[in-house]
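Below is one structure, written out as structure tokens; the observations come after it.
Remember, predicted model here, so these are calculated numbers, not experimental data.
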Amino acid sequence: MPFQFEPVKDKVSVYEVSLRDGLQNERVTVSLADKLRLIDALVASGLSRIEITSFVSPKWIPQLADGDDVARLAKAPPGVTFSALVPNARGLERARAAGMKEVAVFLSASETHNQKNVNKSIEASLRASREVAAAAKPLGIKVRGYVSTVWGCPYEGDVDPERALAIAKELHEMGVYQISLGDTIGVGTPRQTSRIVEMMSKELPLEEIALHMHDTRGTALANILVGLEMGIRTFDASVGGMGGCPYAPGAAGNVATEDLVYMLSGMGIETGVDLPRLIEAGRAAGSIVGRTLPGKVLQSGLRSLRA
Ligand code: HMG
Ligand code: MG
């Protein structure tokens with residue numbers, strides 16, 4: 001009996017993270033002009049939600065030390081939202097000064113990764129996130145949130161999904177509009193994803209959940225397909241498949257945006273993204289970082305969009 005796909009009629013939202021998750025993990029530090037060029041190429045492809053930088057400590061992530069300039073100089077056309085990662089009130093203040101209308105707070109479901117990544121306990125990160133959310137509200141700045149290591153931690157191994165759920169509920173309660181669940185090191189498999197999404201769906205509206213899958217072991221699209229079938233409508237991706245957290249050893253790139261959009265287009269699902277132009281953006285990304293990027297559609301090109 002053939003596998004029955006439920007036809008997906010809703011538009012799917014692609015949240016692009018190459019300028020942040022991608023560039024934070026590159027050996028080379030990309031120039032401001034090249035970052036702006038990549039933003040333009042991504043916008044030209046029709047992507048409407050783009051994380052353009054981080055306002056974290058430049059000592060921790062030197063590749064994104066120019067975040068203030070990137071945010072000041074990148075102009076979002078109507079209908080396009082730029083966002084940036086912020087770990088604390090200082091980060092929010094930098095984002096506000098640069099004119100950002102959206103930021104993202106982040107923390108991990110596992111204590112050790114949180115400590116390595118932001119030098120704080122999960123409890124202290126929740127306090128910092130609450131402070132950011134409270135300060136952002138009167139400024140009219142929307143707050144997104146990440147929960148990392150939901151599928152597994154590079155230091156602790158398996159992570160009880162209940163820990164991610166408890167954090168996601170707190171983020172929801174503090175006014176974070178969407179919570180992106182991260183498979184930071186790309187260890188997730190489909191049944192696990194099904195269990196995680198089901199658990200979340202019992203406590204939180206699914207439109208507030210996004211999946212942020214790294215593709216270290218080639219399972220990102222399989223996990224995304226499970227999430228899609230279960231009702232998730234936002235997926236994070238990085239053009240060319242760049243990405244990785246420098247404080248999560250073994251993390252490889254995010255699912256490539258071209259691969260995600262190829263799969264969704266082939267299934268007849270609308271994303272608003274023009275695939276040939278997205279591939280051009282992927283090529284621009286590869287030339288900017290000076291290496292062949294791992295994205296499969298980027299490497300093989302388009303032949304057919306039929307599923
Ligand atoms: P700390 O050293 O504990 O912080 O770092 P501190 O508060 O003691 O401050 C130390 C210095 O940093 C001070 O400067 C502060 O002013 C400065 P100094 O006096 O030494 O000159 N500082 C800042 N500077 C600029 N902007 C700020 C800021 N805050 C403090 N916002 C801190 C704590 C959180 C700052 C640090 O650990 C940090 O920046 N970590 C960021 C790590 C990071 O960006 N990791 C990658 C992103 S997470 C990820 O990739 C996962 C994700 O993709 C989802 C997934 O895949 O699962 C989101
Ligand atoms: Mg990530």
Side-chain angles (χ1 to χ4, degrees), residues 15-43 47 49-74 82-88 90-95 97-100 102-108 113-120 144 146 148-149 154 180 182 184-186 212 214-216 236-257 281-295 298:
Y15 183 94
E16 172 66 32
V17 296
S18 53
L19 282 135
R20 194 277 302 165
D21 208 325
L23 297 187
Q24 76 184 11
N25 206 38
E26 290 295 320
R27 279 208 191 93
V28 293
T29 296
V30 169
S31 71
L32 177 59
D34 278 347
K35 288 178 182 176
L36 296 171
R37 184 155 74 88
L38 180 54
I39 293 172
D40 286 346
L42 294 169
V43 169
L47 285 161
R49 300 171 74 195
I50 306 176
E51 202 164 88
I52 57 170
T53 191
S54 284
F55 294 107
V56 298
S57 161
K59 288 182 188 143
W60 285 63
I61 306 283
Q63 298 94 325
L64 304 183
D66 61 357
D68 310 77
D69 292 334
V70 172
R72 203 169 37 78
L73 294 170
F82 292 159
S83 188
L85 214 60
V86 302
N88 51 24
R90 168 93 188 275
L92 177 70
E93 173 47 28
R94 288 175 62 198
M100 300 294 298
E102 180 174 321
V103 295
V105 292
F106 59 105
L107 71 165
S108 309
H113 181 254
N114 204 69
Q115 198 70 49
K116 301 264 187 195
N117 197 34
V118 288
N119 200 25
K120 287 185 180 70
R144 194 176 195 245
Y146 286 101
S148 291
T149 65
S180 183
T184 316
I185 52 168
H212 177 103
H214 284 261
D215 200 26
T216 320
D236 299 358
S238 173
V239 81
M242 287 194 276
C245 174
Y247 300 99
N254 292 81
V255 66
T257 316
R283 290 203 190 102
S287 81
I288 282 167
V289 298
R291 68 182 178 100
T292 303
L293 295 177
L298 178 62

Please name all residues satisfying side-chain contact (heavy atoms from CB on, under 4.5 Å) with [X], sequence neighbours left out, ordered by chain then number.
X      : value
Ser31  : Ala33, Asp34
Pro62  : none
Pro249 : Pro154, Tyr155
Leu73  : Leu32, Leu36

request  = Flag the pair Arg49 and Asp236 as a salt bridge only when some basic side-chain nitrogen lies within less than 4.0 angstrom of an acidic carboxylate oxygen.
outcome  = no
Any residue meeting salt bridge (charged side-chain N to carboxylate O under 4.0 Å, His left out) with Arg283, in chain and number order, not counting sequence neighbours = none
key: Residues forming a salt bridge (charged side-chain N to carboxylate O under 4.0 Å, His left out) with Glu102, sequence neighbours excluded   =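 If we apply the salt bridge (charged side-chain N to carboxylate O under 4.0 Å, His left out) test to Glu102, skipping adjacent residues, there are no hits.
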Would you call [X] and [Y] a side-chain contact if the rule is heavy atoms closer than 4.5 Å?
X      : Y      : value
Val17  : Thr257 : no
Met242 : Asn25  : no
Lys35  : Asp69  : no
Ser148 : Asn117 : no

Atom [atom1] of [X] and atom [atom2] of [Y]: how far apart are they, to the nearest 0.5 Å?
X      : Y      : atom1 : atom2 : value
Thr53  : Leu85  : OG1   : CG    : 9.0 Å
Ser180 : Tyr15  : OG    : OH    : 8.0 Å
Asn119 : Asn114 : CG    : CG    : 10.0 Å

[X] and [Y]: which non-hydrogen atoms are nearest, and at how many Å?
X      : Y      : answer
Ser83  : Met100 : C-CE, 3.3 Å
Ala256 : Gly241 : CB-N, 3.5 Å
Leu19  : Glu51  : CB-O, 3.6 Å
Asn254 : Gly243 : OD1-CA, 3.5 Å
Ala74  : Ile52  : CB-CD1, 4.3 Å
Ser54  : Leu64  : OG-CD1, 3.6 Å

Output yes when a side-chain donor or acceptor of [X] lies under 3.5 Å from a complementary backbone atom of [Y], and no otherwise.
X      : Y      : result
His214 : Ala252 : yes
Gln24  : Gly244 : yes
Arg94  : Val56  : yes

Set of residues satisfying side-chain hydrogen bond (donor to acceptor under 3.5 Å, both in side chains) with respect to [X], sequence neighbours excluded:
X      : answer
Thr184 : none
Asn88  : none
Gln115 : none
Ser238 : none

message = Would you say NZ of Lys120 has more than 12 non-hydrogen atoms from neighbouring residues, nucleotides or ligands within 6.0 angstrom?
response = yes
key: Ring-face cation contact, Phe82 with Arg72, 6.0 Å cut, 45° max   = no
inquiry  = Under 3.5 Å, is there a donor on one side chain and an acceptor on the other for Gln63 and Thr29?
reply    = no
request  = Take Glu26 and Arg291, measure what side-chain contact (heavy atoms from CB on, under 4.5 Å) needs, and give me the verdict at the end.
outcome  = CA-CA 10 Å; Glu26 290 295 320; Arg291 68 182 178 100; 2.7 Å; yes
key: ring pair (Phe, Tyr, Trp, His ring centres under 6.0 Å) contacts in which one or both residues fall within residues 52-74, not counting sequence neighbours   = Trp60-Tyr247
query = Checking side-chain contact (heavy atoms from CB on, under 4.5 Å) for the pair Val105/Val86: CA distance, chi angles, key distance, verdict?
reply = CA-CA 5 Å; Val105 292; Val86 302; 4.3 Å; yes
message = Is there a side-chain contact (heavy atoms from CB on, under 4.5 Å) between Val289 and Leu23? Walk through the geometry before answering.
response = CA-CA 8 Å; Val289 298; Leu23 297 187; 3.8 Å; yes
query = Taking Glu16 as the fixed residue, which of Asp21, Leu38, Leu47, Val43 is the one that meets the side-chain contact (heavy atoms from CB on, under 4.5 Å) rule?
reply = Leu47
query = With sequence neighbours excluded, what pairs up with His113 under the ring pair (Phe, Tyr, Trp, His ring centres under 6.0 Å) test?
reply =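 Per chain and number, His113 pairs via ring pair (Phe, Tyr, Trp, His ring centres under 6.0 Å) with no residue.
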